[in-house]
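Presented below is the structure to which this report refers.
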Amino acid sequence: MLEIPFLLIAVVAIALVFDFTNGAHDSANAIATIVSTKVLSPQVAVVMAASLNLAGAFLGTAVAHTIGSGIVSPEMVAGSQGLVLSALFGAIVWNLLTWYLGLPSSSSHALIGGLIGATIAYGGLDAPNYPSIAEKILLPLVFSPLAGFLCGYLLMVSLSWMLIKAHPTKVNHAFKKLQIVSSAFMATSHGLNDAQKTMGIITLALFTFHQIPEMTVPLWVKLSCALAMGLGTATGGWKIVKTMGHKIFKLEPIHGFAAETAAALVITGASAFGAPISTTHTISTAVIGVGASKRLSAVRWGVAGNLVMAWVLTIPAAAVMGAICFEVLRLLGIS
């Protein structure tokens, strides 16, 4: 049996690796539209997104509390040394697979799925907190992409009516500047929601190893998660940027502004509620909504279908991987 301090160090290190892959995997959320419309160079856009991801991570802890105590009761798993480690392994495997394939799946749902799977492997089907999962995870999982689509569609329709008599060149010039603001809003909201998920998982690990008396996120956890996500974002994620920025719908600056603003509004609202939603799916559906406002044929629905497939598969696939990882660790004497 490994010593608990070593396992805890391993859990924290792997959690930060997950946060790094989350930042790299989801960098497209904040910069795909602004890069594809050539408002900013990829290098400048990445630096901006990384900095604002870092800032956003310090703006709240509601999502961290949902991850740390809303999926499973911390007291129920306080004696498990391998649960959080298994959840992270399951999420990282799924993240890397979809990253390699260039699929914008949800790092958030991968982490949630990994945690649910590991929890069931540890305590049986009754172990997860199903009412909280339904309220804070499954309902937002369904409604946040729909909200992204609807907000993107309505905002783009409104802008089109407001600017119907404006000269296209002037509109393009104005929204090139405004898109910098919307991209910054999107990057900040991404940090607000996504960085907190790893904060919650590390806090749960600290509690299960009896290192903290209650589920309160320590300052050093906030700082380390924010830095890991910022560094991950700085590496880019160019396959997914290409999918987000070009393959769904051919974007112009006004479309990028509408999609980013719509998605950031949805993500910020969900974060205030404590819902760990998929920033990837929210911006994806916002882009689809913006494209659909022009004409339905403007959207490449085959690519959109791939997004939906990844959306549906992520939680159960990551849950299976998390459960398998837990059983492997159990065989190694870590449970």
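In this structure, Ala91 and Phe18 approach most closely via the heavy-atom pair CB-CE1, 3.7 Å. Residues Asp19 and Ala195 approach most closely at OD1-CA, 4.3 Å, considering heavy atoms. Closest approach of Leu329 to Gly82, counting heavy atoms only: CD1-O, 3.7 Å. When all heavy atoms of Ser86 and Phe326 are compared, the pair lying nearest together is OG-CA, 3.0 Å.
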When the side chains of residues 125-141 are checked against the rest of the protein, which donor-acceptor pairs come out under 3.5 Å, sequence neighbours left out?
residue: Tyr130; atom: OH; partner: Leu125; partner atom: O; Å: 2.5
residue: Ser132; atom: OG; partner: Gly70; partner atom: O; Å: 2.7

Identify every side-chain donor-acceptor pair in residues 216-228 under 3.5 Å, counting partners at least two apart or on other chains, and give the distances.
residue: Thr216; atom: OG1; partner: Glu214; partner atom: OE2; Å: 3.3
residue: Ser224; atom: OG; partner: Trp220; partner atom: O; Å: 3.0
residue: Ser224; atom: OG; partner: Val221; partner atom: O; Å: 3.1

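Residue pairs that meet the ring pair (Phe, Tyr, Trp, His ring centres under 6.0 Å) test with at least one member in residues 167-188, sequence neighbours left out, are Phe175-Phe257. For residues 144-169, there are no salt bridge (Lys or Arg N to Asp or Glu O under 4.0 Å) pairs, not counting sequence neighbours. For residues 319-335, the pairs satisfying salt bridge (Lys or Arg N to Asp or Glu O under 4.0 Å) are Glu327-Arg330, with sequence neighbours left out. Sorted by first and then second residue, the salt bridge (Lys or Arg N to Asp or Glu O under 4.0 Å) pairs involving residues 49-67 (not counting sequence neighbours) form an empty list.
The hydrophobic cluster containing Leu59 also includes Leu192, under a criterion of side-chain heavy atoms closer than 4.5 Å among ILVMFWY residues, counted directly or through chains of members.
For Ser158, the side chain to side chain donor-acceptor pair (under 3.5 Å) criterion is met by no residue, not counting sequence neighbours. Listed by chain and residue number, nothing satisfies the side chain to side chain donor-acceptor pair (under 3.5 Å) test with Thr282 (two or more places apart in sequence, or in another chain). Qualifying side chain to side chain donor-acceptor pair (under 3.5 Å) partners for Ser271, counting only residues two or more places apart in sequence or in other chains: Asn193. Partners of Tyr153 according to the ring pair (Phe, Tyr, Trp, His ring centres under 6.0 Å) rule, which considers only residues two or more places apart in sequence or in another chain, do not exist here. Checked against side chain to side chain donor-acceptor pair (under 3.5 Å), Thr208 has no partners two or more places apart in sequence or in another chain.
Between Leu150 atom CG and Thr285 atom OG1 the span is 10.0 Å, to the nearest 0.5 Å.
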